[in-house]
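Down below is the structure, laid out as structure tokens.
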Amino acid sequence: MQTDGPLLVLAGAGSGKTRVITTRGAYLLHKGVPPGAVLAVTFTNKAAREMRERVRSMLNGKRVKGPVISTFHSLCLSILRQEIEHLGYRKDFTIYDTSEQLSVLRNILTDIKFHDRSFKVESILDRISRSKNNTRPSTEKGLPDSGDIKEVSEVLYPKYHEALKTLNALDFDDLLLMTVKLFREYHEVREKYMDRFRYIMVDEYQDTNRVQYDLVKLLTGVRKNLCVVGDDDQSIYGWRGADPGNILDFEKDFPGTLVVRLEQNYRSYGNILTAANGVIENNKNRMVKSLWTDRGEGPMVNVLKAVDGDDEAGWVADRISMIQYKRKCPYEDFAVIYRANIFSRPFEEALRRLRIPYSVVGGTSYFERKEIKDIAAYLKIIANHSDDLSLLRAANTPRRGLGPSAIGKLSVFARDASITLLDAFGRAGEVPGLGGNASEGATGFAGLIGRYREMFKKSGEMADVLRSLMEEINYRDFIYELYKTPEAALRKMENLEGFIGSIAHYEKDAEAPSLQGFLETLALIDMIKDKEEKGGRGVTLISFHSSKGLEFPVVFIVGVEEDILPHKKSIHDDGTAEEERRLFYVGITRAMRELYITYADHRIKYGKDAPVAPSRFLEEIPDGVIKRLDRYEESDPEQEEKEAKEFFANIKTMLGD
């Protein structure tokens, strides 16, 4: 096994790429490399956990510690907690989520009196995020009276950055960007971590963006003991900054690279792989590879033309029912893959009609719920007294008589005195024109935060301290007053009990538990969107992007039509069109045993029924592996009719019809 120098492992879909990194990590430790000198980086907490477990099993208990296995963001967070003072921040910085970032931007727009409603704050934030991920900082200039979103975002970028710095806060993109900035500007810091991490491995390298590329290159240094594993054919995150050029240009960036191709697929039957190969080989910008398997050809790839979207969904639901009845297999074996969650509605309705359990992957994050964000705001201001945004959420939840006028006076006092807003709350008695009730509410809040800061530092049971805090602020009464029905309020309180349980679980597992550590854990769990498992219960309804990394015995890829796949915006852009083809390739290679591909003759668009054309990608699947199905006829009519009669007779018995 090559251990020194650059190594590129091209791991095709289903070829066991995770095994490469874990085996290499265990081998390096077996050869005597200290565990702390081996770093493996991936994208999700789930992938990092799986790697740790595999390495632990490979070591057979011979070593207590394994290599350092981390996500990009967790790695950078740990570095910044030690080194960020070089950049003018305090070590107790807060990590802002999307809603908090949007609040900062709205405050900036209000301050500069920019009221052009044609610009959505979400779009501005997306532009700023894209700029950060490409390490293209914007420059300050006058705010245009009119102009495109790009110009407005470039103006707001430095104002947004300064606002976060004043709050001693970073957003998720900053974790990477600030670490790169730290390494570039402070060579002694970079040398420290280069000396520490002598062997670096990166999983899913095709998904890295420019900042992640820069980070890896800076950390690798002169040793260049870098092993990356990935598949350029599965690079499907260009919309969020991923650059397939990072893996395509790896040999040029790291001369002397050894390239290893993993082309044997352990997941799918041969006909599915032939279909996948036939599609992806039409991309021009790719590294040549061809998946193969020794599992046999398996069933043909089934292609169905439906009448319309509802007909398509009804057929899919019927087919799932028939297969499940015939084989007595669990509904968890089935997945319906579509372009985006907006296409789930007809499939949900069709599955409901047949009483088939299902789950939709995606939805509102647990940590986006009001009650969780309310209590988290208290914890954030306790941990970071400069976090004015969290203070403003917590200060009047529940109400303390601190209306907009009072908050405004306190904010002016804080600005004039060059102190934090929390310090201004503590000195509310000195604020001109502040009423007695508001002054009492502000000083009481500041005292509460100060007391609980000490309690969280001293206590060994943070869950008990959190429960005490919720009781002292009467949050239960606030919830029952806010939500008029007892059932709704009870659900909110159950969510909070789960939140208290999460801090107890953190305390149990952490080596040195702290409030700051708990908040970091929350931020990383919430923001790194782990690929979900098979949706909990029943048939999985999932988008192409969310399906990556998963596998299912039976897969239905639906809506394979022009303007959907490929998306209409990609038609005249070769690079985007190739990513669309990679998206289809990823969907195909999720199937283990059977693959169904469907499209409609008509579909509702903008409220009108309009004809649609099948995707050009369907023509790229070799004819020899395709079985074209008729909407009402199957390949073996007699057998299908017999099974159908048995199935519907069974359904009637179940329904008492």
Side-chain angles (χ1 to χ4, degrees), residues 1-2 5-25 27 40 42 47 50-51 54 201-208 226-237 242 244-252 254 257-301 544 547-553 555 557 578-579 581-595 617 620-622 624-626:
M1 178 181 290
Q2 175 170 320
L7 173 64
L8 169 59
V9 180
L10 287 174
S15 63
K17 65 177 179 56
T18 304
R19 185 177 70 247
V20 173
I21 287 184
T22 52
T23 302
R24 181 180 171 86
Y27 179 79
T42 188
E50 289 179 354
M51 286 185 188
R54 290 198 190 190
M201 298 175 285
V202 183
D203 187 25
E204 302 283 12
Y205 192 68
Q206 77 281 347
D207 292 336
T208 54
L226 174 63
C227 168
V228 302
V229 182
D231 180 9
D232 56 304
D233 289 335
Q234 295 187 74
S235 180
I236 59 173
Y237 297 114
N246 291 345
I247 192 168
L248 294 173
D249 295 336
F250 189 83
E251 292 176 86
K252 181 175 67 176
F254 296 91
T257 293
L258 172 66
V259 179
V260 176
R261 286 174 168 78
L262 302 182
E263 297 173 294
Q264 182 175 2
N265 178 286
Y266 300 95
R267 175 188 298 155
S268 308
Y269 281 116
N271 284 333
I272 293 171
L273 298 182
T274 299
N277 289 332
V279 169
I280 202 63
E281 67 185 14
N282 288 277
N283 272 2
K284 298 176 182 177
N285 297 311
R286 65 183 294 261
M287 303 184 79
V288 178
K289 72 186 81 66
S290 183
L291 298 177
W292 63 275
T293 183
D294 59 8
R295 296 189 64 196
E297 292 183 350
M300 304 280 275
V301 174
F544 283 103
S547 73
K548 186 169 174 289
L550 302 180
E551 58 185 33
F552 304 89
V555 166
I557 302 179
E578 291 207 348
E579 179 160 324
R581 185 176 283 108
R582 293 194 293 266
L583 203 60
F584 189 37
Y585 173 83
V586 165
I588 292 173
T589 53
R590 299 312 95 196
M592 301 168 67
R593 186 181 187 279
E594 288 183 68
L595 174 63
F617 298 154
E620 298 171 354
I621 300 176
V625 300
I626 288 180

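Since this is a predicted model, take the numbers as computed values, not measurements.
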Asn282 (side chain) donor-acceptor with Val279 (main chain) under 3.5 angstrom: yes
Does Phe617 have its ring centroid less than 6.0 Å away from the ring centroid of Tyr585? no
For Ser15 and Asn265, test the side chains for any donor-to-acceptor distance below 3.5 angstrom and give the result as yes or no. no
Under 4.0 Å between a side-chain nitrogen and a carboxylate oxygen: does that hold for Arg581 and Glu578? no
Heavy-atom closest pair (Thr42 atom, Ala47 atom, distance to 0.1 Å) is OG1-CB, 3.6 Å
Looking at Gln264, I'd like to know if its CD atom is crowded, meaning that more than 12 non-hydrogen atoms belonging to other residues, nucleotides or ligands lie closer than 6.0 Å. yes
Salt bridge flag under 4.0 Å for residues Glu281 and Arg286: no
Flag the pair Met592 / Pro553 as yes when at least one side-chain heavy-atom distance between them is below 4.5 Å, and no otherwise. yes
Are the side chains of Leu8 and Val260 in contact, using a 4.5 Å heavy-atom criterion? no
Under the 6.0 Å and 45° cation-pi test, does Arg295 pair with Tyr269? yes
Closest non-hydrogen atoms of Asp207 and Ile236, given as atom of the first, atom of the second and distance, are OD1-N, 4.4 Å
Of the non-hydrogen atoms in Asp231 and Lys289, which two are nearest, and what is the gap between them? OD1-NZ, 3.3 Å
Heavy-atom closest contact (Asn285 atom, Leu248 atom, distance): O-CD1, 3.9 Å
Sort out for me which residue in Arg590, Arg593, Glu594 forms a side-chain contact (heavy atoms from CB on, under 4.5 Å) with Val555. Arg590
Any side-chain heavy atom of Lys252 within less than 4.5 Å of one from Asp249? yes
